[in-house]
Every structure is written in structure tokens, then in C-alpha cells.
Amino acid sequence: MDNHKSLMTAKSVIGIDMGPSSVHVAQVVSYQGKPLVVNAVIEDIPAGGVQEKAKVSLEALVKALSHFQTKNESLIFTVSSQQAVVDHVLMPVMPGAELVEALKMEIKNSKYPFGEGALFDHQILNHVVGKTGTKMNVRVAVMDKAFLGQVQGFNFNGMVLAKIIPTAVALEHLFKNMKTVSGSSTVVLQIGSMSADLNIFKGTTLELSRKLNVTSSDLTRSLMAALSTKLGKVELTWDEAEGLKKNYGIPEPSEEYLVKGKITANQAISLLRPKLEQLIKDITRSLDSYYDKHPESKLEKLVLLGGGTRLKRLPEFLNAELGIPTQEWDPFHDAQFIQAGVLEGCRDSYKLVRALGAALSLGPGINLLPENLRDIKKKLFEKILLAAGAGGFVACSFLFFLFLFGIMQGVDKKNTQLESAYKKMYPDLSELNLKLILGHEASQRLDVSALLTQFSNLPSKLYFSDVNLSGKDLIISGYAFMPAWDTRKILKKFFATEGLQVLKDVELLIKNDDKEMKNKSVFVVKGVLKN
């Protein structure tokens with residue numbers, strides 16, 4: 001049960017990637033000092049008009065999150081290159097406030113395609129000594145403010161919006177958690193249905209990020225152009241064009257075929273050629289920019305991510321045009337952070353790359369979320385500490401803090417305040433759930449879902465603090481802000497409800513926790529899981 005105990009201090013993070021046709025969500029918990037992915041979901045977004053897009057997208061997100069324990073979890077959104085850009089600039093050494101103003105001016109006068117009010121953040125990576133003196137190597141991220149408006153329309157229901165980061169930053173965090181990433185330079189090409197970008201990493205560090213102008217939708221639409229044939233004017237439907245990309249891809253010059261009785265191999269390549277040439281031009285321009293800044297570097301390989309890169313024969317085409325070994329990449333093959341079975345049966349699991357990168361991104365670094373919206377739970381805790389005068393006891397256990405806090409207040413007032421603090425800061429249901437998931441006993445595949453569902457509807461003034469599962473024996477402990485007699489009555493009724501009939505031989509052990517606090521009890525519930 002040591003593994004179970006370690007999870008009581010686990011930090012759970014949910015990474016979210018809002019795609020144009022589906023929502024991708026992944027949950028990571030810090031387990032024994034290392035990240036571990038414990039759940040991942042892809043939820044399709046129903047088709048709808050442009051005006052309904054934001055609404056149905058958020059509805060899909062709510063549906064996706066219903067598969068997770070979400071109470072008090074930290075959320076990190078990643079935004080595509082269409083909505084955000086990342087750049088690296090060299091700036092003179094200057095104080096922080098002056099640097100911010102200089103960067104704002106740089107953004108205002110730059111090529112960034114976002115209007116007034118765009119959100120930005122920066123990160124000083126290192127200092128570079130050159131012929132003109134020492135300069136700061138600064139990473140800058142800029143985001144269209146419209147995305148924030150969309151996210152703020154979501155009801156977080158107790159979850160904490162911790163970060164918004166660009167895709168490139170999410171990928172960097174993913175790279176940092178891989179087993180076999182070497183010190184060589186790697187080009188990552190992502191082509192999605194609505195956005196495309198190219199990112200270059202030296203080892204696990206992001207060195208360059210650029211937006212590209214050719215998306216998967218652009219390639220599909222190019223195949224839908226009208227053609228004049230002996231049979232008259234013909235054109236492919238969207239589904240037919242998508243099928244051609246998947247089944248035939250980029251035709252060989254010697255190939256001869258007729259797709260759906262409409263289009264030949266030569267016609268397909270003639271339709272694709274303009275967009276493919278533009279793609280190569282965009283990539284070459286980005287690579288030249290990288291070589292200008294890193295003339296001694298050698299790009300070892302180019303790896304492909306995103307649905308658009310599933311275009312058949314695209315790796316061979318890029319390899320021939322660019323001279324860089326190119327391959328499709330399955331980052332999960334080298335991942336050391338995914339629990340066995342999490343991605344089994346998950347359709348199109350490659351779409352989860354950005355969400356997993358986001359879930360691994362908690363901590364310092366780029367954050368496009370405005371300062372006033374960050375880490376609300378942390379600020380609340382700081383206010384509680386200040387109000388209690390217990391700032392010097394932060395290193396002590398939180399239960400000891402609660403005890404000190406209670407002594408300093410009147411009996412009636414302290415019950416209310418303690419309950420509020422306990423509710424905000426005590427380990428929540430998601431952590432208890434993770435203990436069940438990660439315990440070796442959980443491999444027996446016992447059905448505890450009904451039990452956990454009911455836990456989320458715990459009666460007012462009751463809080464679970466620990467759960468242990470050994471074989472079929474379940475032991476739950478917690479606190480109640482009411483007398484022992486009332487606690488017994490409510491728990492007895494709670495565990496007798498229809499939804500909790502997965503337990504048998506239920507025992508309740510309850511006592512008052514403190515003589516001065518007659519309205520606080522501790523309890524232990526023991527039971528056996530039914531088959």
C-alpha cells in the first residue's frame with residue numbers, strides 16, 4: 001500500500017487540445033517523482049455552423065471531461081499555430097519591466113498576425129556572449145485574445161485553469177519526457193486540418209518554431225478542383241478527396257489508376273503539385289532561418305505528426321525534396337510516462353500528442369493566461385495562511401495547520417472556516433481514484449466505478465481523506481464537521497443507498513476529533529467489495 005500513500009501528495013494535471021473536429025484530453029499525475037499518464041480521451045465535435053462552433057466544441061469538452069475525475073484539478077490548454085506563435089529574439093540586458101515594454105514594442109512592430117490586445121508571455125532562456133556584448137536569448141509567445149474568450153466561456157466547476165501554452169511549448173515538454181531523445185537536431189512537422197507548423201529541437205530544447213501556410217484541408221480542397229475530361233466536367237467530393245489522400249497519396253509518375261471513375265494518377269498529382277510546392281517552399285524558408293542562427297548545426301531527421309502527415313508517400317516525397325531522413329513518428333513508442341492499457345483501443349491515438357504535452361507542462365515557463373487568472377487556488381491558500389497568522393508553519397503538515405487555525409478562532413466561527421479550508425485544500429476525489437487505479441490490486445479489474453460516482457455526491461460537511469483497497473477489502477477514512485452521532489446517522493444512510501450496494505459487511509467507526517470542537521468528527525468506513 002506504499003504506492004497508495006505516495007499518491008496522497010500527487011499533483012494531477014489535465015491537458016486539453018481543442019481540435020477543429022475533436023477534443024483531445026489527457027491526465028497526468030506526478031507519481032514517485034515522475035509523470036504518469038493515467039487517462040486519455042478523444043471526443044468528436046459534432047458538425048455545425050460557424051456560429052455554433054464554439055458552443056459545440058465546449059459541449060464536446062464537457063463530455064470528454066466526464067470521463068475524468070476533475071474536482072480541483074489543474075487544466076492546461078494548448079493552442080495551435082493558427083492561434084499562437086513562438087519566436088526567439090536576442091535582447092540587450094535590461095531590467096524586467098523594461099524588457100516587457102521592449103518586447104511589447106517588438107510585437108507591435110513585428111510580423112505577428114494578431115491585432116490589438118494580443119496576449120503574450122516571455123521566458124529568458126540564457127545569456128549569449130557575442131561581438132557586441134552580452135545579450136539575452138528570450139522566448140516570446142503571442143496568442144490571439146479570441147481563444148481566451150472561448151476558454152473563459154467554459155464552466156470550470158472547481159477545476160483550476162493553470163496555463164495556456166502554444167503547441168510548440170507542449171511538444172518541448174513532451175520531448176523532455178521521452179526515453180530516447182538524443183542531442184541531435186530534430187525537425188517536427190505538424191500538419192493539421194486547420195493549421196500547420198514546423199518546430200526544430202536540439203535535443204529536448206525548442207530552438208525554432210514557424211507557422212506554415214499549407215494545411216491538410218488545403219490539400220484536400222486542391223483535389224476537389226474541377227477537371228475537364230472526355231466524360232465532361234468532373235470533381236471529387238470531400239470524402240472522395242480524403243480517401244484519395246489516404247489510399248493513394250502522392251502518386252508515382254509511372255502509376256496509372258482511376259479513382260471513383262473520375263480522376264487519374266496524373267490528374268491527381270497535377271492538382272496536388274501547387275500546394276506541395278508551397279509546402280516545400282515554407283519548410284525550406286524555415287530551415288534557412290534556422291541555419292542562419294545555427295550555422296554549425298546538422299538536422300538529423302524530420303518526423304511527422306498530425307492527421308495531414310498521414311498523406312500516403314509524404315515521407316518519401318519530403319526526403320527526396322529536402323534531403324533529410326523523414327519518417328512518421330509515434331512518440332508513445334518511446335514514452336516512459338504512459339500507464340499500460342491507457343491508450344489501448346483509443347482511436348487515432350496520435351491525435352493525443354499535443355494534449356499529453358500540455359499535461360506534462362505544469363511548472364515555470366511560457367504561460368499565455370493573464371496573470372490575474374492564474375492559480376486561483378494557490379492565492380486562496382495564501383489568503384487563508386495570512387488570515388490565520390500561520391505563515392511560519394507552511395512546512396508543517398496541513399492537518400496541524402488546521403488545528404492551530406481552530407484554536408485561534410471562536411467555536412462557531414472556526415467550524416465554518418475550517419470546513420471551507422478543508423474543502424479547498426484537502427486531497428480530493430481524483431487523487432483517491434488514482435490510488436485505486438494505480439494500486440496493484442486494481443489489476444483484478446474490480447468494479448468500483450459505482451462507488452466512486454457516489455463519492456462525488458458526498459453529503460455536505462463530509463470529506464474523505466484516504467482510501468485503501470486490499471484485495472476486496474476497502475477502508476475509507478475522513479472528517480466530518482458535525483457531532484459523532486449525526487455523522488454516524490448520515491454515513492449509515494449514505495452507504496445504504498442503492499448506488500453503494502457494491503459494498504457488503506459495512507462497519508462505521510466514528511469519534512469526536514477534539515474536545516474543544518464538538519462539531520468535528522473523524523470516521524473510518526470498512527467494507528468488502530461484492531463480486
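Only a predicted model underlies this, so the values are computations on that prediction, with no experimental measurement involved.
- Looking at heavy atoms from C-beta onward, L119 lies out of side-chain contact with D144 at the 4.5 angstrom threshold.
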**Intermediate values then yes/no, side chain to side chain contact (heavy atoms under 4.5 Å, CB included), I124 and L99** = CA-CA 10 Å; I124 301 174; L99 177 61; 3.8 Å; yes
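- Paired with V353 under the rule side-chain contact (heavy atoms from CB on, under 4.5 Å), one option of L305, T78, T167 passes, and it is L305.
- For the residue pair T220 / K245, a side-chain donor-acceptor distance below 3.5 Å is found, with atom types taken as modelled.
- Contact of the K104 side chain with the F120 side chain is registered, since non-hydrogen atoms from C-beta on lie closer than 4.5 Å.
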**Residues N137, H88; criterion side chain to side chain contact (heavy atoms under 4.5 Å, CB included); working and verdict** = CA-CA 7 Å; N137 181 20; H88 295 78; 4.1 Å; yes
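- For the atom pair CD of Q27 and CG of N39, the computed distance is 6.0 Å after rounding to the nearest 0.5 Å.
- Side-chain atoms of D218 and T215 form a donor-acceptor pair, as typed in the model, at a separation below 3.5 Å.
- With S361 contributing its side chain and G357 its backbone, the two residues share a donor-acceptor pair below 3.5 Å.
- Defined by atom type and a distance below 3.5 Å, a donor-acceptor pair is missing between the side-chain atoms of T205 and E172.
- What you find for T134 and V129 is that their closest heavy atoms are OG1-CG2, 3.8 Å.
- Annotation: side chain of I76 is not in contact with side chain of I16 (no heavy-atom distance under 4.5 Å).
- Between the CE atom in M136 and the CG atom in L90 there is a gap of 10.0 Å [rounded to 0.5 Å].
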**Item:** Chi angles and distances behind the salt bridge (charged side-chain N to carboxylate O under 4.0 Å, His left out) call for D87, R210
**Value:** CA-CA 8 Å; D87 204 353; R210 290 289 185 268; 3.5 Å; yes
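- Side chains of S209 and N199: a donor-acceptor N/O pair is present below 3.5 angstrom, by distance only.
- The shortest side-chain heavy-atom distance between V28 and L36 does not fall under the 4.5 Å cut-off.
- Among all heavy-atom pairs drawn from L356 and A26, the shortest one is CD2-CB, 3.3 Å.
- Within the 4.5 Å cutoff, no side-chain heavy atoms of V37 are placed close to those of V29.
- In this model, a donor atom of one side chain and an acceptor atom of the other lie less than 3.5 Å apart for D197 and Q190.
- When all heavy atoms of G203 and F175 are compared, the closest pair comes out as O-CD2, 3.6 Å.
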**Message:** Is there a salt bridge (charged side-chain N to carboxylate O under 4.0 Å, His left out) between E43 and K63? Walk through the geometry before answering.
**Reply:** CA-CA 7 Å; E43 186 67 43; K63 190 174 180 181; 3.6 Å; yes
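- The closest side-chain heavy-atom distance from R139 to V86 is below 4.5 Å.
- One distance of note links OG1 of T186 with CD1 of I200; it measures 10.0 Å at 0.5 Å rounding.
- If you check the side chains of D282 and N213, you find a donor sitting under 3.5 Å from an acceptor.
- Contact detail for A359 and I14: the closest heavy-atom pair is CB-C, 4.4 Å.
- Annotation: the span from L352 atom CG to S22 atom OG amounts to 9.0 Å, rounded to 0.5 Å.
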**Request:** Mind running salt bridge (charged side-chain N to carboxylate O under 4.0 Å, His left out) on R285 and D288 for me, showing each step along the way?
**Result:** CA-CA 5 Å; R285 186 184 296 116; D288 289 344; over 6 Å; no
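- In this structure, CG on L189 lies 8.5 Å from OG1 on T326, to the nearest 0.5 angstrom.
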**Request:** Output, in order, the C-alpha distance, side-chain angles, deciding distance and verdict of side chain to side chain contact (heavy atoms under 4.5 Å, CB included) for V89 and L103.
**Result:** CA-CA 9 Å; V89 295; L103 289 173; 4.1 Å; yes
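- Between V188 and L171, the closest side-chain pair of non-hydrogen atoms falls below 4.5 Å.
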**Request:** Go through the steps for F201 and V187 under the test side chain to side chain contact (heavy atoms under 4.5 Å, CB included), then give the verdict.
**Result:** CA-CA 6 Å; F201 295 85; V187 183; over 6 Å; no
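- Salt-bridge annotation for K351 and D17: absent, with no side-chain N of the basic residue lying under 4.0 Å from a carboxylate O of the acidic one.
- Distance check: S185 OG to E296 CD gives 12.0 Å after rounding to the nearest 0.5 Å.
- You'll find the side chain of I45 stays beyond 4.5 Å of the side chain of P20, heavy atoms only.
- Heavy-atom contacts from other residues, nucleotides or ligands closer than 6.0 Å to CE of M194 number 12 or fewer.
- Here the closest heavy-atom approach between residue L362 and residue A162 is recorded as CD1-CB, 4.1 Å.
- The shortest non-hydrogen separation linking L368 to A141 is CD2-O, 3.4 Å.
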